[in-house]
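The structure under discussion appears below in the form of structure tokens.
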Amino acid sequence: MEIERCGAALLLAGLGRGGLLFLLPLFLLFLVLLVWGCSRPLVVRRGPGQVGYLPVPGLSRKQAARRARRYRRPGALPPPYPNGWYRLLDSAELPRGAVRSLSLLGEQLAVFRGQDGQAYVVDTYCPHLGANLAAGGRVVGNCIECPFHGWRFQGEDGKCARIPYAEKVPDFASIRTWPSCEVNGMLLVWYHGKGVGPTWAVPEQREVATQEWVFRGQTKHLVDAHIEEIPENAADAAHLDFLHGTAILAGSDLRYSKSRLWQFMRHTWKGEWCPEPEPNEHCSQLLLLHSTRIFGKHIPALDLKVSVRQVGPALVFLILEHAFLGRGIILQSVTPLEPLLQKVVHTIYYQKNIPAIIPKFLLRAECLQFERDITIWNNKQYLPKPLLVREDSSIQQHRRWFSQFYSQKGTGLPAQEGLDW
């Protein structure tokens with residue numbers, strides 16, 4: 001200790017007053033960067049093939065992912081697009097007067113926000129000569145104007161309001177509109193295979209609406225799997241301890257997550273899935289109790305309660321509760337871009353009086369655990385009749401519950417070995 005003190009004294013003496021004045025701004029800059037880094041929201045964006053595939057010697061990451069997709073046998077799949085509400089984008093991504101083109105659910109959609117602040121969703125292609133309304137089209141009032149001939153369509157009902165060179169607008173001139181809503185900071189669209197209108201509403205999370213809980217971060221992933229595979233995990237209690245039991249320090253690469261190096265720390269999960277009764281039969285619940293053991297000793301300070309509520313096929317509300325680190329929510333949305341390509345977004349809102357580093361850590365940990373699941377989903381086959389034991393009964397129960405969102409029986413996908421989903 002005395003040697004350290006003498007060393008520090010010699011260092012200060014060597015720097016002199018000028019040296020200290022030089023170091024002071026650097027120290028202040030370090031503090032500013034530290035505070036700035038802790039207060040900024042966590043943002044994670046995983047592109048195609050970035051996670052979920054094992055490396056192949058001689059191939060790049062993208063080539064290895066493409067090869068795995070090409071030779072994969074997806075199995076006898078259910079219909080690709082269940083009926084329900086789906087996230088299009090965050091409300092903040094669509095300012096007043098903006099137009100966006102989106103491809104999802106086997107459809108091409110144009111999304112725009114009128115001058116009244118209302119968001120509208122219509123078919124992308126103009127019924128006149130097929131021009132893309134989102135490729136150069138502009139918002140005029142609450143209408144979208146075609147960039148080709150200037151036809152204007154009302155966002156509310158899709159009726160054509162103006163044809164600049166025509167004396168009269170035909171009564172039948174219109175474009176298809178899609179039911180949409182904005183809730184919890186998201187713009188969502190209703191999809192139904194038979195064109196039926198919304199049969200239930202997306203619940204508003206009060207703490208998000210009142211800003212008691214504030215935005216702390218978001219992650220986005222692409223998953224090469226059928227949409228049903230993702231929520232089915234909630235009913236698969238057996239996979240929790242096996243896949244997610246090892247320490248988050250072990251990372252998401254399944255080749256190394258079981259390494260003995262990380263065996264000193266274990267996560268334990270207890271949970272039971274069940275569907276909700278009428279009138280909320282489109283919802284299900286899962287109560288997860290998480291605990292951590294280090295060198296075999298339970299650490300109560302790391303206990304976490306997670307109340308999970310699935311709403312429809314694609315929306316999940318995960319309420320996080322900790323004894324002294326407060327409460328918050330992770331909103332999960334799954335949007336099918338293609339039959340075997342899902343865009344999964346996790347957004348965290350947390351108590352504003354809790355330091356931002358806490359929810360950012362929780363979201364980062366959730367992101368890592370989710371990427372372990374992606375490796376399974378990206379490489380597995382869907383089995384319509386899996387080999388189950390008695391302890392797997394909730395998986396079959398979940399499949400019966402999820403089947404309510406399909407308008408038709410599954411037909412699978414045709415064999416297309418060369419198609420890069």
Side-chain angles (χ1 to χ4, degrees), residues 42-82 86-87 89 101-108 217-233 236 239 242-244 246 248-259 313-314 316 332-347 363-384 386 410 412-421:
L42 173 67
V43 177
V44 176
R45 302 285 186 265
R46 303 297 194 206
Q50 273 194 286
V51 295
Y53 291 102
L54 299 180
V56 177
L59 298 180
S60 67
R61 178 181 293 177
K62 286 186 177 181
Q63 290 172 332
R66 192 177 299 115
R67 173 176 173 169
R69 287 192 292 264
R70 181 177 295 119
Y71 293 110
R72 178 185 180 188
R73 296 295 180 267
L77 299 168
Y81 308 126
Y86 293 94
R87 174 190 177 276
L89 38 72
S101 178
L102 299 174
S103 177
L104 66 154
L105 298 163
E107 305 285 348
Q108 292 283 343
Q218 186 179 77
T219 66
K220 293 183 179 180
H221 293 84
L222 294 176
V223 180
D224 295 314
H226 187 276
I227 183 175
E228 187 176 336
E229 300 272 23
I230 297 174
E232 188 171 282
N233 261 22
D236 185 6
H239 96 283
F242 192 81
L243 186 62
H244 302 295
T246 52
I248 58 174
L249 300 173
S252 59
D253 192 325
L254 301 188
R255 296 172 299 166
Y256 310 115
S257 61
K258 299 291 184 182
S259 170
V316 182
Q332 174 186 288
S333 64
V334 184
T335 304
L337 304 183
E338 298 175 9
L340 290 179
L341 181 61
Q342 316 300 320
K343 183 177 183 179
V344 184
V345 180
H346 292 93
T347 307
L363 182 60
R364 175 67 73 174
E366 195 278 339
C367 174
L368 188 149
Q369 295 282 19
F370 187 73
E371 289 177 359
R372 293 182 184 178
D373 287 312
I374 292 178
T375 302
I376 301 296
W377 293 323
N378 281 8
N379 296 278
K380 76 184 295 293
Q381 182 183 69
Y382 180 86
L383 299 177
L413 293 174
Q416 299 184 39
E417 289 81 358
L419 186 59
D420 185 11
W421 289 105

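These numbers were taken from a predicted model, which means no experiment stands behind them. All residue numbers in this chain count up from 1 along the given sequence.
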Give a yes or no answer on whether the side chain of Gln63 reaches the backbone of Ser60 with a donor-acceptor pair at less than 3.5 Å.
yes
Please test Val344 against Gln332 for side chain to side chain contact (heavy atoms under 4.5 Å, CB included), starting from the C-alpha separation and ending with a verdict.
CA-CA 7 Å; Val344 184; Gln332 174 186 288; 4.1 Å; yes
Side-chain donor-acceptor contact under 3.5 Å, His346 with Gln218
no
Check Pro55 against Arg255 and note the closest heavy-atom contact, atom names and distance.
CG-NH1, 3.4 Å
Flag, side chain of Asn378 to backbone of Tyr53, donor-acceptor distance under 3.5 Å:
no
Can you confirm whether Gln381 sits close enough to Pro74 that some side-chain heavy atom of one is under 4.5 Å from a side-chain heavy atom of the other?
no
Has the side chain of Asn379 got a donor or acceptor atom that lies under 3.5 Å from a matching backbone atom of Gly52?
yes
Does any non-hydrogen side-chain atom of Arg67 lie less than 4.5 Å from one of Val56?
yes
Distance (rounded to the nearest 0.5 Å) between Asp236 CG and Glu229 CD:
10.5 Å
Does the side chain of Ile376 come within less than 4.5 Å of Leu254's, by heavy atoms?
yes
Provide the closest heavy-atom pair for Pro78 versus His226 in the form atom of the first, atom of the second, distance.
O-NE2, 3.3 Å
Centroid separation under 6.0 Å, is that true for the rings of Tyr382 and Trp377?
no
Heavy-atom closest pair (Gly251 atom, Ser257 atom, distance to 0.1 Å) is O-CB, 4.3 Å
After noting the C-alpha distance and the side-chain angles of Leu222 and Gln342, does the key distance pass the side chain to side chain contact (heavy atoms under 4.5 Å, CB included) rule?
CA-CA 6 Å; Leu222 294 176; Gln342 316 300 320; over 6 Å; no
Non-hydrogen side-chain atoms of Tyr81 and Leu104 separated by less than 4.5 Å:
no
When every non-hydrogen atom of Ser103 is compared with those of Gln108, the smallest separation belongs to OG-NE2, 3.2 Å
If you count the non-hydrogen atoms of other residues, nucleotides and ligands that lie under 6.0 Å from CZ in Arg72, is the total more than 12?
yes
Side-chain heavy atoms of His244 within contact of His239, under 4.5 Å
yes
For the CG atom of Leu54 and the CG atom of Asp253, what is their distance to the nearest 0.5 Å?
6.5 Å
All heavy atoms of Pro82 vs all of Pro313, minimum pair found to be CB-CB, 3.9 Å
Does the ring of Phe242 carry Lys258 above it, NZ/CZ under 6.0 angstrom from centre and within 45° of its axis?
yes
Can you check whether Arg87's main-chain N or O pairs, donor with acceptor, with Thr335's side chain at less than 3.5 Å?
yes
Would you check, one step at a time, whether the test side chain to side chain contact (heavy atoms under 4.5 Å, CB included) holds for Lys343 with Ser333?
CA-CA 8 Å; Lys343 183 177 183 179; Ser333 64; over 6 Å; no
How many angstroms lie between CZ in Phe370 and CG in Asn233, if you round to the nearest 0.5 Å?
8.5 Å
Taking the side chain as every heavy atom from C-beta outward, state whether Asp373 and Thr375 have any atom pair closer than 4.5 Å.
no
Any luck finding a side-chain donor-acceptor pair between Thr219 and Arg45 under 3.5 Å?
no
When rounded to the nearest 0.5 angstrom, what distance separates CG in Leu340 from CG in Leu77?
5.5 Å
The test is side chain to side chain contact (heavy atoms under 4.5 Å, CB included); show your working for Ile227 and Tyr86 and say whether it passes.
CA-CA 12 Å; Ile227 183 175; Tyr86 293 94; 3.9 Å; yes
With a 3.5 Å distance limit and no angle check, can you tell me whether Arg46 reaches the backbone of Val51 through a side-chain donor-acceptor pair?
no
